[in-house]
Protein chains: 2
Amino acid sequence: MAAADRTKDPVRTSVWLEGRPAPRRRSEQPAGLDRDKIVAATVRLLDSEGLAKFSMRRLAAELGVTAMSVYWYVDTKDDLLELALDSVTGEIPLPEENEAADWRDSLRLLAAAYRNLLVTHPWVSRLMGEYLNVGPQAMAFATAAQRVVRASGLTPEQLPGAMALVYQFAYGFGTIEGGFTARCQEAGISQDDFLRRVTGAIEDRPEFEESRDMVGARGDSTVEEMRTRDFDIALDCAIAGIEAMRGRTAGS
Amino acid sequence: MAAADRTKDPVRTSVWLEGRPAPRRRSEQPAGLDRDKIVAATVRLLDSEGLAKFSMRRLAAELGVTAMSVYWYVDTKDDLLELALDSVTGEIPLPEENEAADWRDSLRLLAAAYRNLLVTHPWVSRLMGEYLNVGPQAMAFATAAQRVVRASGLTPEQLPGAMALVYQFAYGFGTIEGGFTARCQEAGISQDDFLRRVTGAIEDRPEFEESRDMVGARGDSTVEEMRTRDFDIALDCAIAGIEAMRGRTAGS
DNA sequence: ACCTGAACACCGTTCAAGT
DNA sequence: ACCTGAACACCGTTCAAGT
């Protein structure tokens, strides 16, 4: 199947794998619409109101245009969300190619940036789980992520497992954290207040007795501090694991 | 705020933290409806058709009843989904309390079971990211999960980080895996065929050149084998990390 | 080439009414 | 106590029509 005759495929894979390139603009359009402008407005709306409230009609209103105008630049809502996903993925700062830095430091920076993306854009997690995520920015991140872990000196057989450990951990961590912050934002309440509210509700009910110590605050830390500490310790642990794996053979 | 007068709260936390207990049935109802039956039907529908296609109207049709009948047993769709989430969480086999087994083995079993839950019910991941997940089954799992990692001998300061590393990794891994299998099932295509299709599309397009080795198959393994291998290696790595962290002080 | 309007087949949920 | 029907305010998307 040549690139030229690739057209509508019944099995949807990804916007990025469709034959059709983004339509290029030639001159001033009536409404001044634009794929980039549409994606930017999408990201803005997703950030401020969340994925659940986002709709093509809402987006069109934001752009001062009819709902159907957007469909000139984008095939479906799914495609648009994929574009928005890749767009914010580009916000992750990637380490320099020829940097002499220790791979542990690079790994820590990259994982923290990944976590940060998932927290500042809580809708990102769901889209990553739903779509293939093979856009250019996602690929650039994946390449950098692989390069950083490869510098640890693991064997090619160990590499994918170690990659999964670090980045899937960061994904899971950022997902739960993002869900929590989004919920608080939606309720118009601080994270610490929300936690107090939940622990309060749990204390009132006898059936939650044995799980109380898992939910409450630890010491006098704020929720944010607790989480950053746990994230750092988890990364330390993963890095220590990678170092311990180095030179191990398959069945030891 | 006593348990008795807790009523509708503008800040939604979770079904499990609402004052109202599940209404208990007294005799034969006209349609023989039931909270358990509703939740079971919900799980069945979510498994077979996915979260995107699930609706209260679709569920009602499955139960042979009007859409609004369900609302007698459940306040909102969100509440129902929370109930379904906790219901399948109970499918995870938990290790015996007084087992003399090595914590590494228990951890491997529990993490694998967690991954398995996320893959067999691909809708679970999204709900875990969206809701608080403090239902009884989720709490039982969390308790067991904590007990297993605690047996590794880490300090109380290290414990939450190590927990996060292992279980958030399993969550992230199962999420991506579940999303992939769901996509294949929806398209009516095998996972290996889907992968071949994607790699084929990537080979056709020059802009994906440098990311080709990250997507393709490795050796002659099937997709499923590759993933299990990576998952196991990642867990080995995490366990090695936990062992290396043992006895380390805060800043070493 | 770009944008609109009406229409179709859906949603979750409220509310008054039936039995 | 339990279930229904009509209605409200939404969806994503198609399709014919405008400029």
Side-chain angles (χ1 to χ4, degrees), chain A residues 8 10 12 15 18 20-38 41-42 45-46 49-84 123 126-127 130-131 186, chain B residues 8 10 12 15 18 20-38 41-42 45-46 49-84 123 126-127 130-131 186:
Chain A
K8 287 285 176 198
R12 187 180 184 278
V15 223
E18 284 164 16
R20 181 145 71 95
R24 39 189 65 79
R25 315 215 38 253
R26 301 158 313 117
S27 60
E28 277 312 305
Q29 252 82 52
L33 230 47
D34 193 307
R35 226 190 208 217
D36 288 348
K37 268 181 205 157
I38 289 174
T42 300
L45 273 182
L46 288 170
E49 307 184 359
L51 187 50
K53 288 209 176 94
F54 177 81
S55 79
M56 298 300 272
R57 287 171 151 101
R58 179 77 190 77
L59 170 65
E62 186 77 5
L63 292 165
V65 102
T66 284
M68 291 316 299
S69 305
V70 181
Y71 282 93
W72 179 260
Y73 300 91
V74 140
D75 270 359
T76 75
K77 188 188 180 187
D78 278 325
D79 279 9
L80 176 55
L81 291 178
E82 266 196 278
L83 294 171
W123 45 275
R126 215 186 105 182
L127 300 188
E130 224 131 292
Y131 304 125
E186 212 168 323
Chain B
K8 285 286 175 197
R12 184 177 186 278
V15 224
E18 284 163 19
R20 181 144 71 95
R24 37 190 67 79
R25 315 219 35 254
R26 300 160 311 118
S27 60
E28 275 313 304
Q29 252 81 52
L33 230 47
D34 192 307
R35 225 188 209 223
D36 287 348
K37 266 180 205 158
I38 289 174
T42 300
L45 273 182
L46 288 170
E49 306 184 359
L51 186 49
K53 288 209 176 95
F54 177 81
S55 78
M56 297 301 270
R57 286 170 151 101
R58 179 78 190 77
L59 170 65
E62 186 78 5
L63 292 165
V65 102
T66 284
M68 292 316 300
S69 305
V70 181
Y71 281 93
W72 180 261
Y73 300 91
V74 140
D75 270 0
T76 76
K77 189 190 180 186
D78 278 325
D79 279 9
L80 176 56
L81 291 178
E82 266 196 279
L83 294 170
W123 45 276
R126 216 187 102 182
L127 300 188
E130 223 131 295
Y131 305 125
E186 211 169 321

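Separating the CG atom of B/L63 from the C1' atom of D/dT4 is a distance of 15 Å, rounded to the nearest angstrom. For the pair A/M56 CE and D/dC11 P, the interatomic distance rounds to 12 Å; values are reported in whole Å. Straight-line distance from the CZ atom of A/R57 to the P atom of C/dC8: 14 Å, rounded to whole Å. Rounded to whole Å, atom P of C/dA9 lies 18 Å from atom NZ of B/K53. Atom P of nucleotide C/dC10 and atom NZ of A/K77 are separated by 17 Å, given to the nearest angstrom. Computed from coordinates, the A/L51 CG to D/dC11 P distance equals 13 Å when rounded to whole Å. Between the CZ atom of A/F54 and the P atom of D/dC10 there is a distance of 16 Å, given to the nearest Å. Residue B/D34 contributes atom CG, which lies 14 Å from atom C1' of D/dA1 at whole-angstrom precision.
Residues B/L51 and B/L127 have side chains in contact (heavy-atom distance under 4.5 Å, counting atoms from C-beta outward). With contacts defined as side-chain heavy-atom distances shorter than 4.5 Å, the pair B/Y73/B/K37 does not qualify. Side-chain contact between A/D78 and A/Y131: present, with at least one pair of heavy atoms (C-beta onward) separated by less than 4.5 Å.
Qualifying side-chain contact (heavy atoms from CB on, under 4.5 Å) partners for B/F54, counting only residues two or more places apart in sequence or in other chains: B/T42, B/L45, B/L46, B/L59, B/K77, B/L80, B/L81. A/D36 pairs by the side-chain contact (heavy atoms from CB on, under 4.5 Å) definition with A/D34, not counting sequence neighbours.
Here A/Y73 reaches the OP1 or OP2 of C/dC3: one of its side-chain N or O atoms lies under 4.0 Å away. Under 4.0 angstrom from either OP1 or OP2 of D/dC11 there lies at least one side-chain N or O belonging to A/S55. Distances shown here put every side-chain N or O of A/W72 at or beyond 4.0 Å from the OP1 or OP2 atom of C/dC3.
The heavy-atom pair separating A/L33 from A/S69 by the smallest distance is CD2-CB, 4.2 Å. A pairwise comparison of heavy atoms in A/A67 and A/A60 identifies CA-CB, 3.4 Å as the closest pair.
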Review point. Where each pair must be Watson-Crick or G-U wobble with both distances under 3.5 Å, what dot-bracket representation of DNA chain C is obtained, with crossing pairs in [ ] and other-strand partners as |?
Key: ||.|||||...|||||.||

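Residues in residues 58-74 of chain B take part in these salt bridge (charged side-chain N to carboxylate O under 4.0 Å, His left out) pairs, two or more places apart or across chains: B/R44-B/E62, B/E49-B/R58, B/R58-B/E62.
Where A/A67 and B/R58 meet DNA chain C, the nucleotide closest to each residue was compared, and A/A67 sits on the side nearer the 5' end.
Using a 4.0 Å heavy-atom criterion, one finds that B/S69 contacts the bases of the nucleic acid, with or without backbone contacts as well.
Considering B/V70, B/L83, B/V65 in turn, B/V70 is the only one that fulfils the side-chain contact (heavy atoms from CB on, under 4.5 Å) rule with B/I38.
Of the candidate nucleotides D/dT4, D/dT13, C/dC11, D/dT13 has the atom lying nearest to any side-chain atom of A/T76. You'll find that the side chain of B/L33 is closest to D/dC3, out of C/dC11, D/dG12, D/dC3.
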Between protein and nucleic acid, restricted to nucleotides 14-19 of chain D and to nitrogen or oxygen atoms under 3.5 Å apart, what atom pairs and distances do you find?
none

Check your understanding: Is there a side chain to side chain contact (heavy atoms under 4.5 Å, CB included) between A/R12 and A/D79 once you walk through the steps?
Key -> CA-CA 10 Å; A/R12 187 180 184 278; A/D79 279 9; 2.5 Å; yes

